[in-house]
Each structure stands twice: as C-alpha cells, then as structure tokens.
Asker: 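The structure under discussion is supplied below as structure tokens; questions concerning it will follow.
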Amino acid sequence: MYRSPSEMSIAIKTPNEIEKMRVAGRLAAEVLDYIEPHVRPGVTTAELDRLCHDYMVNVQGTVPAPLNYAPAGYQPYPKSICASVNHQVCHGVPGDKALKKGDIVNLDITVIKDGWHGDTSRMFIVGDASILAKRLCAVTYECLWLGIAQVRPGAHLGDIGHAIQRHAEANGFSVVREFCGHGIGRQFHEEPQVLHYGKPGNGAELRPGMIFTIEPMINAGKAAISELPDGWTIVTRDRSLSAQWEHTVLVSEAGAEVLTVSPGMPAKPAKLG
Ligand code: MF3
Ligand code: CO
Ligand code: CO
C-alpha cells in the first residue's frame, strides 16, 4: 500500500512514551497557570521570562526547550519562553518593554521532562482590551478546539486545517500560513506539519499514538507576516493584531486526548459542546 513519505515518518508513541508525554504536557500547562497572575500592566516580558525560567528549572526540574534552540537557519533562541504582544504573531523574544492595559499577549511554553517535550500557549488580556482584541482571542481559541474536535483515528490532517480556516475566515480573520503545528516527542519539532488551513480528506491519515500540536495563529487583518531583525520575532505585515493558542494532542482510540492540561487551563468553549 502506498504511503506518502511524510505519513511514513510520523512516529507512533508507545504507551510508556505516551505516559511521559502526559507528564511533560501537564508540566508545560502548569507553567502557564503559575505565570497568569503576573501578567499585569507594568510587567516586562523579560520579567515573565525570568519567572517562568526559574519555575521550570528550580520548582519543576524541567528544561526550557526554547533556550538556545537553534533549528537550521536560525540563531540560537536567547530566552526560555516566547512572548508575542499585540501584532506579534509568534516567537516574540522577551524584552524590557512593559505590558500596558489593553495589550494581548501570547505566552508559549515548551518544557522538556525526562527527554520528552510538552508545548502549549495561551492568550492573556492585560487589564482589559478592545472588543476586537477580545473577539480575536476568543475566535482563535474556538479555532484551536474546532481543530482538536477533528482528531480521531481515520481522520486526516486536512480536516483539522479546514475546520480552523473555516471558522477564522467566517469571522473575518485570516490564518497565518508560514508557521504550523508539529509532531512532538523526544524532538521539539517532528513530523508531521499540522497546517491550520486545508481541505477535508487531504494530508496524512491519523492513527492512534500520534502526538502533535495544534497552534493556530489568526490575524485580525491580512495573513502576511514579516520577521523582525532579531531573527525570531514574527509580526503581521499590516501590523494588525494576532492571536494564538496551542495544545499538544494525542490521537487516542477514542478520538483526541489533550496532553497539556492543568487545573488553571481555560475550559473548552461552551458552544462547541
Ligand atoms: N513553542 C513554539 C512552537 O509552538 C516554538 C518556539 S521555538 C523558539 O512550536 F525557539 F522560539 F522557542
Ligand atoms: Co508548538
Ligand atoms: Co509552542
């Protein structure tokens, strides 16, 4: 039977490996729980980075995966978390600029525990924000869960992308094309690429034991992006607001199991059942 090369290289995790991924996923989500009360007007993203770094290393005994991460063509990433504010799409490098009331910020946490990665991000609204900013965050969260709802054995990656794209565009927003979700395990980024747009039935078929992230980046304006001179931070080309949410998800016999769970994680949107 023919299988595409990408499909052949998607790892099927063993029950033991899945248990390690549950631990790593929970720890990543718990960093977001920990940092939430610190995301206030006046705090700098460098301070949030330091707090998360110290919590991971000293409290959890985890390794912050972003620190010195250097995929081909990139300089080593200089910080332990990504903090993407307002028109920053992803990979925002923490710095000395203070957050202010009305900002929206994505904090993206990836930990390594016992050699296994957990990767999750959430949006935080600083103080209060505009109706548009709040709607963008809410719709992007719905996009994440509509993607998760497609995950079951026999479904295809394109089903996930299609569900996300449809909801984003129905709300007048656009899907970033250059960055996607990814397989995850012993490596931070593995096969497959999980596009946040696509057509039902396209792409690799999902099988129990696959683990990947879903992490839609949705722009209030146009989809085009640019990279800042720091070599990492991605912004919307039109400087419109951008939002992102991320979970690490296991394809289970029953459907999907979200691995990046914690006591403080926001509930699944009520209207999705
Ligand atoms: N956590 C990001 C993701 O979801 C990747 C960040 S790479 C870094 O894939 F080097 F910027 F941290
Ligand atoms: Co990811
Ligand atoms: Co991430």
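Start at 1 with the first residue, then count along the sequence. Every number for a ligand or one of its atoms is a count from 1 in the order of the listing.
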Asker: Could you give the distance from NE2 (His189) to SG (Cys180), rounded to the nearest 0.5 Å?
Answerer: 8.5 Å
Asker: Find, among atoms of Asp119 that are N, O or S, the one nearest to the Co ion (ligand 2), and state its name.
Answerer: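 Distance check against the Co ion (ligand 2) picks out OD2 in Asp119.
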Asker: Is there a donor-acceptor contact under 3.5 Å linking the side chains of His182 and Asp119?
Answerer: yes
Asker: I need the nearest protein heavy-atom contact for atom 2 (C) of ligand 1: residue, atom name and distance, please.
Answerer: Asp108 OD2, 3.3 Å
Asker: The Co ion (ligand 2) is nearest to which N, O or S atom of Glu246?
Answerer: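 Result: OE2.
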Asker: What about Glu246: any of its N or O atoms under 3.5 Å from an N or O on ligand 1?
Answerer: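 For ligand 1, there is an N or O atom that lies under 3.5 Å from one belonging to Glu246.
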Asker: Enumerate the atoms of ligand 1 whose separation from the nearest heavy atom of His189 is less than 4.0 angstrom.
Answerer: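 Near His189, the atoms of ligand 1 are 3 (C), 5 (C), 9 (O).
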Asker: Is it the side chain, the backbone, both or neither of Thr213 that has a heavy atom closer than 4.0 Å to ligand 1?
Answerer: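 Thr213 to ligand 1: no contact under 4.0 Å from either part.
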Asker: For the residue pair Ser242 and Asn219, confirm or rule out a side-chain donor-acceptor distance under 3.5 Å.
Answerer: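 Yes, side-chain donor-acceptor contact under 3.5 Å.
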Asker: State whether the number of non-hydrogen atoms from other residues, nucleotides or ligands found under 6.0 Å of Arg135 atom CZ is greater than 12.
Answerer: yes
Asker: List ligand 1 atoms under 4.0 Å from Cys82, heavy atoms only on the residue side.
Answerer: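 Near Cys82, meaning under 4.0 Å from one of its heavy atoms, ligand 1 has 6 (C), 8 (C), 11 (F), 12 (F).
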Asker: What residue and heavy atom of the protein are closest to atom 4 (O) of ligand 1, and at what distance?
Answerer: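 Here the nearest protein heavy atom works out to Glu215 OE1, 2.8 Å.
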Asker: What I want to check is whether the side chains of Asn106 and Ser121 have a donor and an acceptor closer together than 3.5 Å.
Answerer: yes
Asker: Could you tell me whether some N/O pair between His91 and ligand 1 is separated by less than 3.5 angstrom?
Answerer: no
Asker: State the atoms of ligand 1, each with its element, that fall below the 4.0 Å cut-off from a heavy-atom position in Tyr69.
Answerer: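 The list of qualifying atoms is 7 (S), 10 (F).
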Asker: Can you tell me if, anywhere in His182, an N/O/S atom lies at a distance from the Co ion (ligand 2) that is smaller than 2.8 Å?
Answerer: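 Yes, since at least one N, O or S atom of His182 sits under 2.8 Å from the Co ion (ligand 2).
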Asker: Any sub-3.5 Å donor-acceptor pair from Glu190's side-chain atoms to Gln187's backbone N or O?
Answerer: yes
Asker: Applying salt bridge (charged side-chain N to carboxylate O under 4.0 Å, His left out), run through Glu19 and Arg22 and close with a yes or a no.
Answerer: CA-CA 5 Å; Glu19 193 47 45; Arg22 285 194 185 98; 2.8 Å; yes
Asker: Between Leu67 and His53, is there a side-chain heavy-atom distance shorter than 4.5 Å?
Answerer: yes
Asker: Have a look at ligand 1 and work out which part of Phe188, if any, has a heavy atom under 4.0 Å from it: side chain, backbone, both or neither.
Answerer: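 Contact part for Phe188 vs ligand 1: side chain (C-beta onward).
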Asker: Counting non-hydrogen protein atoms only, what is the nearest one to atom 12 (F) of ligand 1? Give residue, atom name and distance.
Answerer: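 Protein heavy atom with the smallest distance to atom 12 (F) of ligand 1: Pro66 CB, 3.1 Å.
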Asker: Under 4.0 Å from a heavy atom of Thr110: give me the atoms of ligand 1 that qualify, with their elements.
Answerer: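 Checking each atom against Thr110, I get 1 (N).
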Asker: With respect to the Co ion (ligand 2), what is the nearest N, O or S atom of Glu215?
Answerer: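 Glu215's closest N, O or S atom to the Co ion (ligand 2) is named OE2.
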Asker: Taking atom types as modelled, is there a side-chain donor on Asp33 or Ser262 under 3.5 Å from an acceptor on the other?
Answerer: yes
Asker: Quick check on contacts: which atoms of ligand 1 are under 4.0 angstrom from a heavy atom of Asp119?
Answerer: 1 (N), 3 (C), 4 (O), 9 (O)
Asker: Trp232 to ligand 1: N or O pair under 3.5 Å?
Answerer: no
Asker: Should Tyr74 and Val176 be regarded as members of a common hydrophobic cluster, given that ILVMFWY residues are connected when their side-chain heavy atoms come within less than 4.5 Å of each other, either directly or indirectly?
Answerer: yes
Asker: Has the side chain of Ser240 got a donor or acceptor atom that lies under 3.5 Å from a matching backbone atom of Gly221?
Answerer: yes
Asker: So does Asp108 have any N/O/S atom less than 2.8 Å away from the Co ion (ligand 2)?
Answerer: no
